Amino acid sequence: METNMPSKSSSYAVLEGQYTLHETIGTGGFAKVKLGTHVLTGDKVAIKIMDKRLLGEDLPRVKLEIEALKELSHQHICKLYQKIEIENKIFLILEYCPGGELFDYIVERDRLEEKEARVFFRQIVSAVAYIHNKGYAHRDLKPENLLLDDEQNLKLIDFGLCARPKGGMETHLETCCGSPAYAAPELISGQEYLGNEADIWSLGVLLFALLCGYLPFDDDNVSTLYKKIQNGEYECPFWLSQKSKQLLHRLLQVNPKHRITVTELLTDPWLMEGFTEPVLWKNPFKTSKLDEECLIELSMYYGKPRTVIVEEIMQRNFTYISATYSLLLQRKAKGQRIRLESDT
Ligand SMILES: O=C(Nc1ccc2c(c1)CNCC2)c1ccc(F)cc1
């Protein structure tokens, strides 16, 4: 009996009836991202496709990213709707971010005015404060990992390097990772470091990139770059305000113990300028209660009792039903209709 090798298209057969696949919208190291349409709602999604055979020793990173994304639910973190794993492939169904990378957004404008940089930076600080509060550190914060959605809101992606040390954020990490230009001095000198402190340094580099359009520490020669980072010396261009220079100074402290903490960051004078509220990081929508209207719509569509639908969503297996629920909830939040296309 001969078994024919699955052709490319058939390895996507698992998506049949759930998502329609469209063009490739991104290619990362070991993943390809395709545009998808969620069949029942017609909503667009991003489908990250990974071949387990090519992942090799990177497979644990992907598992880490999936576990982190399952735990994290925040308005400025790219949402995981569904995970599909078959013999040689993993499909992650993710929130659609058509605005592309913050990196390109800055480059197109040379640099951002303080007002606009502040709106973005408050969103990033909100996401990082939330992650740290959940006991995670991202460890690869950079404009390439911040995407814009269709409403110009930032969504943090790529938790492949994130860490959740067993003993919480107080335990030190050893692995050196992320992009050198954004890496904290203690991280590149191979010392033990705390993930959340290293994230705060990266926020300093990110803020500098937003306000200046180039990096505070840069050099073609990596060892020269490392020296500049370890010295923590950078030049502030003339256009920076006093308050922004003070914030950069508090973020880019070589000694992690002298660095501003994420809690102090929430009410920093530069971040508060023009705002009355500190940066909010709790998920305002995070109610344990599920939305009745969406539950009923799902229960009617599938002809399953409401309790069965609730059970499936609460089990957090990231199935098609829970993906459909999340998309219905998002449609409702945007005031869109939440009728499911019954194929009859
Ligand atoms: O949505 C994403 N990318 C995306 C979506 C639409 C478009 C682009 C990127 C860029 N070209 C314009 C259209 C996306 C979402 C999550 C992710 F991890 C990686 C990429």
Side-chain angles (χ1 to χ4, degrees), residues 12 15 18-39 41-52 54-55 58-85 89-109 120 123-124 126-128 130-131 136 138-162 177-179 182 202 206 318 320 322-324 326-327 329-331 333-334 336:
Y12 295 159
L15 300 174
Q18 296 187 7
Y19 299 95
T20 313
L21 269 186
H22 308 291
E23 71 273 16
T24 296
I25 51 179
T27 43
F30 45 76
K32 173 165 52 173
V33 182
K34 281 181 166 292
L35 180 58
T37 302
H38 175 262
V39 171
T41 58
D43 287 343
K44 288 189 171 60
V45 292
I47 303 183
K48 192 170 178 181
I49 304 165
M50 291 162 276
D51 184 317
K52 288 197 270 190
L54 303 180
L55 282 175
D58 276 324
L59 188 58
R61 263 185 67 174
V62 173
K63 298 287 183 185
L64 195 80
E65 172 168 35
I66 294 168
E67 287 320 302
L69 286 174
K70 282 184 174 181
E71 277 272 297
L72 301 170
S73 166
H74 184 275
Q75 55 277 24
H76 297 303
I77 293 174
C78 186
K79 189 162 183 45
L80 172 68
Y81 295 126
Q82 184 176 354
K83 179 201 115 178
I84 302 171
E85 182 163 359
K89 287 213 185 296
I90 297 177
F91 299 86
L92 296 185
I93 316 297
L94 294 153
E95 189 171 0
Y96 177 66
C97 307
E101 296 179 3
L102 176 61
F103 179 87
D104 298 320
Y105 186 89
I106 299 168
V107 167
E108 277 151 28
R109 291 154 179 78
F120 281 144
Q123 293 183 354
I124 300 165
S126 173
V128 173
Y130 171 81
I131 297 168
Y136 284 94
H138 185 278
R139 297 200 302 168
D140 197 12
L141 294 171
K142 57 185 179 181
E144 295 87 328
N145 282 342
L146 284 153
L147 302 183
L148 288 151
D149 71 3
D150 52 359
E151 295 174 341
Q152 288 270 34
N153 287 310
L154 285 178
K155 304 284 176 177
L156 182 57
I157 62 164
D158 208 342
F159 286 75
L161 292 173
C162 78
C177 57
S179 320
Y182 292 84
S202 304
L206 234 169
F318 289 80
Y320 191 63
S322 54
T324 308
S326 296
L327 287 163
L329 206 57
Q330 261 172 303
R331 292 176 71 83
K334 289 182 181 174
Q336 293 166 335

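One-based numbering, in listed order, for ligands and for the atoms of each. This one's a predicted model, so the numbers in the text were calculated from it and none came from an experiment.
- Proximity of Lys155 to ligand 1, defined as any heavy-atom pair under 4.0 Å, is not found for any part of the residue.
- Protein heavy atom nearest atom 13 (C) of ligand 1, with residue, atom name and distance: Pro98 O, 4.0 Å.
- Taking the charged nitrogens against the carboxylate oxygens, Lys83 and Glu65 have no contact shorter than 4.0 Å, which rules out a salt bridge.
- With respect to atom 19 (C) of ligand 1, the closest heavy atom belonging to the protein is Leu147 CD1, 3.8 Å.
- For ligand 1, the atoms lying closer than 4.0 Å to a non-hydrogen atom of Leu94 are 18 (F).
- Assignment of Ile157 to the shell around ligand 1 is supported, since a heavy atom sits closer than 4.0 Å.
- Inside a 4.0 Å radius of atom 3 (N) of ligand 1 there is at least one protein heavy atom.
- When each atom of ligand 1 is checked for a heavy atom of Cys78 under 4.0 Å away, the hits are 16 (C).
- Other residues, nucleotides and ligands place no more than 12 heavy atoms under 6.0 Å from the CZ atom of Phe103.
- A side chain to side chain donor-acceptor pair (under 3.5 Å) with Lys155 holds for exactly one of His76, His74, Glu95; it is Glu95.
- Residues Leu148 and Leu154 meet the side-chain proximity criterion, which asks for heavy atoms closer than 4.5 Å.
- When heavy-atom distances to ligand 1 are checked against a 4.0 Å cut-off, Cys97 comes that close through both its backbone and its side chain.
- Looking at Leu64 and Tyr136, their side chains never come closer than 4.5 Å, going by heavy atoms from C-beta outward.
- Paired with Asp43 under the rule side chain to side chain donor-acceptor pair (under 3.5 Å), one option of Gln336, His38, Arg331 passes, and it is Arg331.
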